[in-house]
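Here is the structure we will look at, set down as structure tokens.
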Amino acid sequence: MPEVRSPTLRRRELGARLRALRLEQGLTVDQVAELLLCSPSKVSRMETGQRGATQRDIRDLCKIYGVTQETQVASMMELAKEGKQQGWWQSYDLDLFSTYVGLEQAATWLCYYQSSIVPGLLQTPEYARAMHQGSLPAEFTPERADALIEVRLRRQQVLTRDQPLRLEAIIDEAVLHRVVGGRAVMAAQLQHLVEAGSMPNVTLRAIPFGVGAHPAMDSMFNILEFGAVAPRVVYVEGLMGWLFIEKERDVARYEQVLEHLREIALDPKETIDLISKIGAQYN
């Protein structure tokens with residue numbers, strides 16, 4: 001299977017290798033920083049993928065870690081080179097959200113849990129525009145909204161590329177009842193969900209009102225998987241910004257909640273039936 005060469009994921013893959021090599025040598029971040037003649041924060045940011053490593057960094061780190069095998073050095077050099085490349089999304093001035101888009105482009109599997117809105121990869125342009133219009137008045141100009149909608153549509157191409165992303169979306173029934181953009185926009189949006197649910201790589205599940213309370217009522221999150229390239233990442237978004245959760249025990253907690261949500265949600269067929277029923281009310 002050909003890999004999606006996302007620079008975001010390449011930096012994280014390289015960072016995971018560098019951290020593993022450091023731990024094998026029993027070195028701390030501070031010790032490596034002293035040997036590399038740089039700040040500890042630079043070493044930490046290279047290991048988390050927040051900062052791209054230069055090929056000179058890799059050369060020096062390989063000496064520090066005793067890496068002499070040419071193929072291993074060359075592989076990390078190539079990752080450093082790829083990590084410096086520009087993804088298509090980086091020309092849109094997305095700030096920190098560009099990190100998420102880069103991971104999304106490289107993911108092999110993605111699960112959404114949304115309690116209030118249609119997941120971004122499944123939104124129609126009209127629904128997305130209504131979302132922006134519902135933001136604080138000073139937050140988005142019409143031109144900025146157009147650019148962000150363009151980004152969203154380009155992001156959605158991961159569902160139809162040659163090796164498509166496997167998408168699982170679990171939504172609260174409230175998502176289907178919240179009238180975003182008016183009845184016509186909602187009718188089209190719910191019809192789009194029905195059509196998306198027929199795609200072989202898309203699975204939709206809805207949590208009906210009747211199930212009552214559940215552990216994710218007051219949250220929303222995405223879990224991204226990258227095959228053998230990198231560990232799973234949880235992405236949480238809110239009014240104050242974005243958060244990436246990567247510690248194994250924390251990711252496991254979200255996976256536990258996800259499994260519970262699957263158990264209480266309608267199955268895919270029942271979900272499509274519910275979406276169709278509610279969608280008919282908007283026509």
Side-chain angles (χ1 to χ4, degrees), residues 1-19 41-42 44-58 74-112 119-123 125 128-129 131-132 140-141 143-169 201-202 221-237 241-246 251:
M1 179 184 296
E3 296 180 13
V4 178
R5 310 301 286 186
S6 163
T8 307
L9 187 59
R10 296 307 126 195
R11 290 194 297 272
R12 291 193 171 225
E13 182 180 356
L14 176 59
R17 292 195 194 182
L18 293 175
R19 183 174 186 274
S41 65
K42 174 181 175 179
S44 294
R45 289 170 65 82
M46 284 192 293
E47 290 188 359
T48 59
Q50 296 176 8
R51 175 194 177 113
T54 67
Q55 292 187 321
R56 180 175 180 176
D57 290 330
I58 298 304
S75 175
M76 289 194 290
M77 287 285 194
E78 183 63 22
L79 285 174
K81 180 181 178 181
E82 291 179 350
K84 292 290 187 178
Q85 294 174 352
Q86 293 289 304
W88 63 260
W89 55 92
Q90 291 174 294
S91 63
Y92 285 91
D93 189 24
L94 299 178
D95 197 21
L96 296 178
F97 188 61
S98 65
T99 299
Y100 173 78
V101 177
L103 292 174
E104 183 182 73
Q105 293 294 300
T108 57
W109 173 84
L110 166 62
C111 183
Y112 279 107
L121 291 183
L122 298 174
Q123 291 180 7
R129 185 173 301 281
M131 287 284 299
H132 292 307
F140 297 109
T141 64
E143 294 76 18
R144 181 59 175 163
D146 287 342
L148 293 176
I149 291 169
E150 183 178 334
V151 170
R152 186 152 303 184
L153 294 178
R154 291 192 67 176
R155 285 170 53 206
Q156 292 175 1
Q157 294 175 12
V158 296
L159 297 177
T160 55
R161 67 192 182 197
D162 288 341
Q163 296 291 344
L165 173 73
R166 291 182 294 114
L167 176 66
E168 180 177 357
N201 57 310
V202 176
F221 60 87
N222 303 353
I223 303 178
L224 300 98
E225 184 176 273
F226 310 97
V229 175
R232 284 185 172 187
V233 174
V234 177
Y235 170 76
V236 181
E237 183 176 340
W242 304 274
L243 176 65
F244 291 98
I245 297 171
E246 302 179 69
V251 172

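Keep in mind that the numbers below use all heavy atoms, side chains included, and drop hydrogens, waters and symmetry copies. Starting from 1, each residue takes its place in the sequence as its number. Because the structure is a prediction, the values reported are computed rather than measured.
- In plain terms, the two heavy atoms of F226 and A107 that are nearest each other are CD2-CA, 3.6 Å.
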I'd like to know whether N222 forms a side chain to side chain contact (heavy atoms under 4.5 Å, CB included) with E237, so could you lay out the CA-CA distance, the side-chain angles of the two residues, the decisive distance to 0.1 Å, and finally the verdict.
CA-CA 9 Å; N222 303 353; E237 183 176 340; over 6 Å; no

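- The backbone N or O of G52 sits nowhere less than 3.5 Å from a side-chain atom of R11 that would complete a donor-acceptor pair.
- Side-chain contact between L121 and V202: absent, with no pair of heavy atoms (C-beta onward) separated by less than 4.5 Å.
- A tilted orientation is assigned to the rings of Y235 and F97, their planes being inclined by 30° to 60°.
- For P7 against Q86, the heavy-atom pair with the smallest separation is CG-C, 4.4 Å.
- Going from atom CD of Q123 over to atom CZ of R129 covers 12.5 Å, rounded to the nearest 0.5 Å.
- T108 and L165 make their closest contact through C-CD1, 3.6 Å (heavy atoms, listed as atom of the first residue, atom of the second, distance).
- Separation of atoms OG1 (T99) and CD (Q50) is listed at 8.0 Å; rounding is to 0.5 Å.
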Check against side chain to side chain contact (heavy atoms under 4.5 Å, CB included), L153 and Q156
CA-CA 5 Å; L153 294 178; Q156 292 175 1; 3.7 Å; yes

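- Side-chain atoms of S98 do not come within 3.5 Å of backbone N or O of L94 as any donor-acceptor pair.
- When side chains are defined from C-beta on, W88 counts as touching V101, because their heavy atoms get closer than 4.5 Å.
- We find the CG-CD distance between L18 and E13 to be 11.0 Å, quoted to the nearest 0.5 Å.
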L103 and R12: side chain to side chain contact (heavy atoms under 4.5 Å, CB included), yes or no, with the steps?
CA-CA 9 Å; L103 292 174; R12 291 193 171 225; 3.8 Å; yes

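- Proximity of R154 to Y92: side-chain heavy atoms (C-beta onward) are separated by under 4.5 Å at one or more points.
- L159 and N201 get closest at one heavy-atom pair: O-ND2, 3.1 Å.
- Residue L224 holds its CG atom at 9.5 Å from SG of C111, rounded to the nearest 0.5 Å.
- Proximity of I223 to E168: side-chain heavy atoms (C-beta onward) are nowhere separated by under 4.5 Å.
- The two residues G102 and T8 come nearest to each other via the heavy atoms CA-OG1, 3.4 Å.
- At least one side-chain heavy atom of Q105 sits under 4.5 Å from a side-chain heavy atom of R155.
- Two residues are said to be in side-chain contact when any heavy atoms from C-beta on lie closer than 4.5 Å; R166 and E225 meet this criterion.
- The two residues D57 and K42 have their closest heavy-atom pair at OD1-NZ, 3.2 Å.
- Proximity of R17 to L79: side-chain heavy atoms (C-beta onward) are separated by under 4.5 Å at one or more points.
- Atom CZ of R232 is surrounded by more than 12 heavy atoms from other residues, nucleotides or ligands within 6.0 Å.
- Side-chain contact between I58 and L14 is present, with heavy atoms from C-beta onward closer than 4.5 Å.
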